[in-house]
Amino acid sequence: MINDGFLDEVREVPSVTPMERVVAWSVFRSREDARQHLEHVYLAEGQGLVGGCGRDSVAPYWWVGVQVQDISQWGNVTAVNKRGRLGD
């Protein structure tokens, strides 16, 4: 079972407040959708799940991301994979 406790930590999505070595993230409008997404994230060695929750001008959100130990192993450090302006 995946530990999903980090989803309850108040932490803005990295496109609003950058987070060190986070290279990929997705934003969800329900905690359950974010939790379900965890089951589909495949991690390589030196990678871990991160995330949190917050609120924007529309509604609450939850986000799930991947944090790498060594950003130089990611390749092009500007090739950060995110979806949309706020990661959605």
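Just so you know, residue 1 is the first one in the sequence shown, and it goes up from there.
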Residue pairs meeting side-chain hydrogen bond (donor to acceptor under 3.5 Å, both in side chains), one or both in residues 39-52, sequence neighbours left out, come to R35-E39
Under the rule for side chain to side chain donor-acceptor pair (under 3.5 Å), what residues qualify as partners of R11, not counting sequence neighbours? E9
Output all residues satisfying side chain to side chain donor-acceptor pair (under 3.5 Å) with D70, sequence neighbours left out; order by chain, then residue number. S72
So, for S15 and W25, which heavy atoms are closest and what is the spacing to 0.1 Å? N-CZ2, 3.7 Å
Which atoms form the tightest heavy-atom contact between V41 and V66, and what is the distance? CG1-CG2, 4.0 Å
Testing the basics here: between A59 and R29, what is the closest heavy-atom pair and its distance to 0.1 Å? O-NH1, 2.9 Å
Can you see which heavy atom on Q67 is nearest to which on V50, and at what distance? OE1-CG1, 3.4 Å
Do you know the tightest heavy-atom contact between L49 and F6? CB-CZ, 3.9 Å
Search all heavy atoms of L7 against all heavy atoms of C53 and return the closest pair with its distance. O-CB, 3.4 Å
Do I2 and W62 sit in one hydrophobic cluster, given that two such residues count as connected whenever their side-chain heavy atoms are within less than 4.5 Å of each other, even indirectly? yes
Identify whether Y61 and V10 are in the same connected component of the hydrophobic contact network (ILVMFWY, side-chain heavy atoms under 4.5 Å). no
